[in-house]
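What's counted below: heavy atoms across the whole structure, side chains too, no hydrogens, waters or symmetry copies.
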Amino acid sequence: MKLFASIVAAIAVQASAFVAGPQCKRAVVSSSTEQSMGLFDFFSEDARKEREARKQAEIEEQERLQREIIARRSNPKKMEEYEAKVRVRRALRMSGNDEAAEAIDVYTGDDEKIVGLN
């Protein structure tokens with residue numbers, strides 16, 4: 001009988017660990033830092049500004065490259081220089097030297113002002 005009573009008492013103590021006790025009210029503390037939430041960060045104001053800045057930088061880079069192409073096509077000397085770089089790069093690729101071919105920068109030059117595009 002004493003053994004049964006001690007087993008019941010032990011079970012009762014362990015079972016009370018899973019029972020919801022009285023809830024205490026806690027003060028709400030606000031924080032000035034935001035925690036990133038993964039997928040939902042896509043909709044935040046900062047993420048939107050970052051996307052727009054990235055998009056604008058890409059557009060400006062593409063416009064710069066387009067101005068270089070137009071300037072090169074209108075200047076025979078620059079076109080010869082470009083074609084020579086392309087020939088060297090192609091020869092390096094054909095010989096299997098891809099690292100050296102990647103090092104050749106074909107689209108280099110000054111960012112020129114072209115009427116109608118700037």
Visitor: Would you find more than 12 non-hydrogen atoms of other residues, nucleotides or ligands less than 6.0 Å from Arg73 atom CZ?
Guide: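 At most 12 heavy atoms, drawn from other residues, nucleotides or ligands, come within 6.0 Å of this atom.
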Visitor: Checking salt bridge (charged side-chain N to carboxylate O under 4.0 Å, His left out) for the pair Arg64/Glu68: CA distance, chi angles, key distance, verdict?
Guide: CA-CA 6 Å; Arg64 183 187 67 79; Glu68 284 184 19; 2.4 Å; yes
Visitor: Take Glu45 and Lys49, measure what side chain to side chain contact (heavy atoms under 4.5 Å, CB included) needs, and give me the verdict at the end.
Guide: CA-CA 6 Å; Glu45 184 69 21; Lys49 288 179 182 177; 3.4 Å; yes
Visitor: Looking only at non-hydrogen atoms, find the nearest pair between Arg93 and Ala101 and report the distance.
Guide: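 What the structure gives for the nearest pair is CG-CB, 3.7 Å.
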Visitor: With a 4.5 Å heavy-atom cut-off, do Arg51 and Lys55 have their side chains touching?
Guide: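 No, their side chains stay 4.5 Å or more apart.
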Visitor: Not counting sequence neighbours, which residues clear salt bridge (charged side-chain N to carboxylate O under 4.0 Å, His left out) with Glu99? List them please.
Guide: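 With sequence neighbours excluded, Glu99 shows a salt bridge (charged side-chain N to carboxylate O under 4.0 Å, His left out) to no residue whatsoever.
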Visitor: Distance check, rounded to the nearest 0.5 Å: Tyr82 atom OH versus Asn75 atom CG?
Guide: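 Going from OH on Tyr82 over to CG on Asn75, the span is 15.0 Å.
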Visitor: Measuring from atom CZ of Arg72 to atom CG of Leu65, what distance do you get when rounded to the nearest 0.5 angstrom?
Guide: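 Result: 9.0 Å between the selected atoms.
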Visitor: If you count the non-hydrogen atoms of other residues, nucleotides and ligands that lie under 6.0 Å from CD in Glu61, is the total more than 12?
Guide: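 Result for CD/Glu61: enclosed.
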Visitor: I would like to know whether Glu52 and Arg48 meet side chain to side chain contact (heavy atoms under 4.5 Å, CB included); could you show each step before the answer?
Guide: CA-CA 6 Å; Glu52 288 177 359; Arg48 185 184 61 80; 2.7 Å; yes
Visitor: Please identify which of these residues, Glu83, Glu81, Arg87, meets the side-chain contact (heavy atoms from CB on, under 4.5 Å) condition with Lys85.
Guide: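 Running side-chain contact (heavy atoms from CB on, under 4.5 Å) over Glu83, Glu81, Arg87 with Lys85 returns exactly one hit, Glu81.
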Visitor: Which residues satisfy the salt bridge (charged side-chain N to carboxylate O under 4.0 Å, His left out) test with Glu50, sequence neighbours excluded?
Guide: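 In terms of salt bridge (charged side-chain N to carboxylate O under 4.0 Å, His left out), with neighbours along the sequence ignored, Glu50 is linked to Arg54.
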